[in-house]
Protein chains: 2
Amino acid sequence: MDGHARRIPDATVARLPEYLRILIELAEQRIGTVSSERLAELAGVNAAKVRKDLSYLGTYGTRGVGYDVDYLLFQMRQALGVTRDCPVVVVGAGNLGRALANYAGFSDRGFPLAAVVDADEAKVGTNVGDVTVRPMSDLAELVRANQPVIGVIATPGPVAQLVADQLVAAGVTAILNFAPALVSVPPNISLRKVDLALELQILSFYQSHRESGSASRGWT
Amino acid sequence: MDGHARRIPDATVARLPEYLRILIELAEQRIGTVSSERLAELAGVNAAKVRKDLSYLGTYGTRGVGYDVDYLLFQMRQALGVTRDCPVVVVGAGNLGRALANYAGFSDRGFPLAAVVDADEAKVGTNVGDVTVRPMSDLAELVRANQPVIGVIATPGPVAQLVADQLVAAGVTAILNFAPALVSVPPNISLRKVDLALELQILSFYQSHRESGSASRGWT
DNA sequence: CCGAGCTTGTGCACAAAGTCACAAGCATGT
DNA sequence: ACATGCTTGTGACTTTGTGCACAAGCTCGG
């Protein structure tokens with residue numbers, strides 16, 4: 001698609017959304033141009049890293065001037081594949097699931113809530129955010145109607161793998177797992193994990209080893 | 001405390017909580033011993049990495065046998081500093097804040113909710129989970145009463161830095177930031193960031209570059 | 001007491017990520 | 001047209017993380 005196409009390192013990919021968020025803010029402030037140094041400051045990283053990261057997308061800067069915010073924004077969206085909104089289906093209407101469904105931050109940033117499903121008959125039919133909880137049996141149909149769609153697992157750990165299998169079977173190709181459990185998926189499916197308690201434990205470590213402990217880190 | 005004390009790499013620290021979770025499960029199943037190979041399988045990593053990670057904590061395995069689950073569990077909790085529960089104060093009672101406050105996964109894993117505070121007078125006094133929302137002015141008092149405590153920022157991006165400053169002033173030494181914004185803290189304060197929309201965007205990238213894309217990775 | 005069979009702990013080689021420093025190149029003013 | 005001042009893009013180097021392969025060492029059976 002791009003004459004370029006060198007492979008983008010994982011560490012860089014993890015930072016691109018952060019740059020994207022900043023570029024959107026800059027564009028809203030009608031700022032036309034930004035230097036790598038300024039971008040680095042806003043992202044909390046070093047300027048050389050910003051330049052190297054951006055160079056993987058292509059040569060979009062102007063020496064002596066900086067980067068055109070709107071143009072870079074366009075290219076960044078292109079690279080990240082967020083040119084169109086991508087609906088999200090949440091599995092699990094427990095505390096976490098309802099929380100995620102209500103969280104406006106998803107829709108605001110291009111990931112509207114398409115549906116919430118739950119295996120518990122008692123929860124089916126209740127309202128969560130703007131949608132009504134549907135039974136698991138509707139999953140395949142909901143996925144088909146909204147493709148491409150991202151699946152979010154917000155169930156207890158023990159059923160996470162089962163849910164993942166059903167998502168994959170339904171045709172979902174990207175999954176975000178909030179359940180504290182390992183899930184495996186076929187190699188052509190994208191999978192990421194977020195474990196909230198795990199983050200607190202990492203903080204706990206650096207808190208009790210307070211000599212030279214930087215708990216931050218790019219990561220993601 | 002330990003004759004050992006070699007510095008533990010960040011990448012290893014990020015994996016320790018995952019091992020901890022698995023060890024707790026194994027202990028619940030009354031499994032007395034585990035090999036690095038089995039642990040690796042459960043954690044979704046390679047066995048050599050498990051052994052190297054664990055070796056940073058000390059020499060707790062037995063050759064030809066494996067690791068004693070209970071003993072390793074004890075040492076792991078020690079290393080992570082999660083020997084006692086550590087209360088959490090959530091700032092922001094919006095969708096995300098209420099969600100986190102209701103999320104049982106925190107309390108279940110040793111991080112009980114101590115309080116929720118919000119700057120909006122209209123929200124003060126309402127109930128969230130087991131607690132009542134308190135005004136920001138109570139923050140310092142709440143922190144003092146619960147030390148050591150972890151602060152969780154669940155506010156909109158623009159006020160995140162302000163909140164972080166107040167948390168630090170109140171004596172919090174570890175902060176988990178859910179707001180989509182960069183916050184800086186003094187070097188002796190531990191800080192981690194979780195941005196939910198950012199995770200979805202990373203998935204989006206790998207979804208649109210589906211050649212050889214592993215969106216997973218140890219991470220976090 | 002000794003040998004067989006596992007599993008740990010680690011040295012080493014390699015891969016990935018981060019940092020530095022500087023040539024290349026654009027814009028502006030004279 | 002040319003010199004000046006900035007900022008990019010990138011090659012070389014450092015640091016960090018990963019994976020292999022194997023010696024060290026434990027247990028158990030005979």
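The chains referred to below are lettered A, B, ... by the order of the sequence lines, with proteins before strands, and numbering in each begins at 1.
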Quiz item: Rounded to the nearest Å, what distance is computed from the CG atom of residue A:Asp10 to the C1' atom of nucleotide D:dT16?
Solution: 15 Å
Quiz item: OP1, OP2 of C:dG18 versus side-chain N and O of A:Arg15: anything below 4.0 Å?
Solution: yes
Quiz item: Just by distance, with hydrogens left out, do A:Asp10 and B:Tyr206 show a side-chain donor and acceptor under 3.5 Å apart?
Solution: yes
Quiz item: In whole angstrom, what separates A:Glu37's CD from D:dT8's P?
Solution: 8 Å
Quiz item: At what distance, to the nearest 0.5 angstrom, does CD1 of B:Ile175 lie from CG of B:Leu191?
Solution: 6.0 Å
Quiz item: So does A:Ser36 get a side-chain nitrogen or oxygen closer than 4.0 Å to the phosphate oxygens (OP1/OP2) of D:dT8?
Solution: yes
Quiz item: Nearest 0.5 Å, what's the OH-CZ distance between B:Tyr19 and B:Arg15?
Solution: 5.0 Å
Self-check item: From CG (B:Leu139) to CG (B:Asp118), nearest 0.5 Å
Solution: 11.5 Å
Practice problem: Please state how far atom CG in B:Asp68 lies from atom C1' in D:dT27, giving the value in whole angstrom units. | Solution: 15 Å
Quiz item: Do B:Gln207 and A:Ser190 get their side chains close enough for a donor-acceptor pair, meaning under 3.5 Å?
Solution: no
Quiz item: Could you give the CG-to-P distance, from A:Leu54 to D:dT7, as a whole number of Å?
Solution: 15 Å
Practice problem: Please name the pair of heavy atoms, one in B:Val34 and one in B:Leu39, separated by the smallest distance, quoted to 0.1 Å. | Solution: CG2-N, 4.0 Å
Self-check item: Length of the OH-C1' vector between A:Tyr67 and D:dT7, whole Å
Solution: 9 Å
Quiz prompt | From CA spacing to verdict: salt bridge (charged side-chain N to carboxylate O under 4.0 Å, His left out), A:Glu37, A:Arg51 | solution = CA-CA 9 Å; A:Glu37 190 122 15; A:Arg51 290 200 295 275; 5.9 Å; no
Exercise. Could you tell me whether B:Arg109 and A:Asp195 make a salt bridge, using a distance below 4.0 angstrom between a side-chain N and a carboxylate O?
Key: yes
Quiz item: Quick one: OH on B:Tyr103 to CZ on B:Phe111, what's the gap to the nearest 0.5 Å?
Solution: 12.0 Å
Practice problem: May I have the distance from A:Leu57 (atom CG) to D:dT10 (atom C1'), rounded to whole angstrom? | Solution: 15 Å
Exercise. Residues of residues 24-33 of chain B with any non-hydrogen atom less than 4.0 angstrom from an atom of DNA chain D: list those, numerically ordered, please.
Key: none
Quiz prompt | Proximity to DNA chain C (any heavy atom under 4.0 Å), residues of residues 44-53 of chain A only | solution = A:Asn46, A:Ala48, A:Lys49, A:Arg51, A:Lys52
Self-check item: Pair A:Tyr60 and A:Tyr71, ring centroids less than 6.0 Å apart
Solution: yes
Review item, nucleotides 1-4 of chain D N/O atoms under 3.5 Å of protein N/O:
none

Quiz prompt | Contact summary for A:Tyr67 and A:Leu72, nearest pair of heavy atoms | solution = CB-CD2, 3.8 Å
Quiz item: How close or far is atom P of C:dC26 from atom OH of A:Tyr60, stated in whole angstroms?
Solution: 17 Å
Quiz item: Taking atom P of D:dG25 as reference, at what distance in whole Å does atom CZ of B:Arg63 sit?
Solution: 6 Å
Quiz item: Looking at B:Cys86 and B:Pro148, what are the two nearest heavy atoms and their distance?
Solution: SG-O, 3.6 Å
Self-check item: Nearest listed nucleotide, side chain of A:Ser55, among C:dA17, C:dT8, D:dT10
Solution: D:dT10
Exercise. Assign each of A:Gly64 and A:Pro9 to its nearest nucleotide of DNA chain C by heavy atoms, then name whichever residue's nucleotide is nearer the 5' end.
Key: A:Pro9
